[in-house]
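First the structure, in the form of structure tokens, and then the observations on it.
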Amino acid sequence: MFWLAIDRSAAMPLVRQIYLGVRSKILQGELRSGDRLPSTRNLARELHVSRNVVIEAYDYLLSEGYIESRRGSGNYVAEGVYLEQKTDMARVSPQYEDREQATEQPSGALIDFRSGIPALELFPRKTWGRLSQQVCKEASAEAFGYGKPAGSPELRTILCKYLQRSRGVCCDPRQIVITSGATQALSLIAKVLLTDKSTVVIEDPITHDIQTIFTAGGASLYPVPIDENGMKTELLPPGKRPGFVFVTPSHQFPLGGTLPIQRRLQLIRYACSEGCYIVEDDYDSEFRYEGPPISSIQGLDRDRVIYIGSFSKILSPALRLGYLVLPAALVERYQDAKWFTDLHTPTLEQLTLGRFIEEGQLERHVANVKKLYKKRRDCLRTALHRAFPGDVSILGSSTGLHFVAAFPGHSFTAEVVQKIREAGVRAYPVEDHTIVKGQHRDKIILGFGNVTEGDIEEGVHRLRRALANAPKLPLLDDGNDSSLKFL
Ligand SMILES: Cc1ncc(COP(=O)(O)O)c(C=O)c1O
């Protein structure tokens, strides 16, 4: 029996209902290329409709190419129907799963140490609401038309001053392009600077998403290992002529190091000798808990560095607001790239953000949440040391919304991560973000920005239970167990 639901009381004609029903079975892969459809006579009998109704529905499917008719034999699902190559969910990457889960409702039971999520309950709804209402009432009529690809001039002027005082970024508002988050800034960089012959010299590990953005157009990656201070710049490859060097110097993702000045200068010298740019991704350095704030590399060489910032961590990832600060020579190309991608980032949100910064609300908000993040970070560190005395080391906890915990002798394979998940915790292996595999198997990334202290305690308790039953690996003494190097 060919199960198809039709609703006689619906306003939609029966022909269309049958057409849509069969089409959706094809698109969802329930009916595959070469499958035979029931005869029009049989389907009409099964659905208690006239045969002409089914014939008409099949005619639509035939004319749109979903099915084909074979003389004397019936109707079949056509070859090469788009969703015949439907994504095989078994092959979907863990990062895709993370993205899906990012939009799911919180499950309650599962404690999720996903990195880079700010305290969502602390979003300043009232102030943001007031300012966006103000913008809506007071903005000129032009604000409701098409804007400039670089973004609102008001926001760029305000942002320029904010970046000078908070990050030591040295620029003119004309060097700024407002983007839909740092992610779009990265995509625009790939679009403008890379071809399928390019090489990107990049920290290893680095987020899998960033690797994908850079390699999507065929460019290749040259991984440079990192240590507790970020990229090991003495290993930069001379003569490689890369499209650019990519770094997260204020807070390496994921291992958390801060690039010292000597390495910053070495990086600039390298970029000068190779004639390439440095891409500086400064995604969360506003949250620095120890030591003075670290200034940007951009402030050291504004012609060589493309600086990326984001409001995802300091305010909310839902806003999708980020920016590029560009060397003057590149500005026009990026404005074009932005225009031909999505014209511009939504103007009203940009204007609201401008007022939010100008009123001093952003700095107030950052100072407030930073206190909370510091408490959550301390709580997580203490809980881990208590639960795994002598068996855990913490890396890169001076800045940001996550740190890395290394458990020498453990290996966070997919099976172990699944066991941890069954114990009620989501934790994220560093290995998922490595280019050269096998160096960081004993480490997980633990985000604490959006996890309450109560959940942190409970999460670590569950993690201890899960790891107590996980098989331990013998410690390697060939230097491959990088946790030893980080202690
Ligand atoms: C290192 C790094 N860069 C950039 C981003 C992207 O942030 P956005 O939300 O601004 O696109 C992330 C996200 O977590 C990140 O970890």
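Side chains are part of it too, since the values below use all heavy atoms of this structure and drop only hydrogens, waters and symmetry mates. When a ligand or atom number is given, it counts from 1 through the structure's own listing order.
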With no hydrogens and no angle check, just 3.5 Å: does a side-chain donor-acceptor pair link [X] and [Y]?
| X | Y | value |
| --- | --- | --- |
| Lys338 | Thr341 | no |
| Arg381 | Ser397 | yes |
| Arg288 | Thr399 | yes |

Query raised in the report: So does Lys161 pair up with Glu358, basic N to acidic O under 4.0 Å?
Result: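 The answer is no: the pair does not qualify as a salt bridge.
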
Anything under 3.5 Å between a donor and an acceptor, one on a side chain of residues 314-327, the other on a protein residue two or more places apart or in another chain? List them.
| from | atom 1 | to | atom 2 | distance (Å) |
| --- | --- | --- | --- | --- |
| Ser316 | OG | Ala318 | N | 3.0 |
| Arg320 | NH1 | Ser312 | OG | 3.4 |
| Arg320 | NH1 | Pro317 | O | 3.1 |

Report summary line: Exactly one candidate in Gln252, Glu228, Lys443 meets side chain to side chain contact (heavy atoms under 4.5 Å, CB included) with Leu395; the answer is Lys443

Query raised in the report: Near ligand 1, which residues have a heavy atom under 4.0 Å away from one of its atoms?
Result: Gly181, Ala182, Thr183, Thr207, Ile210, Phe253, Asp281, Tyr283, Ser310, Ser312, Lys313, Arg320

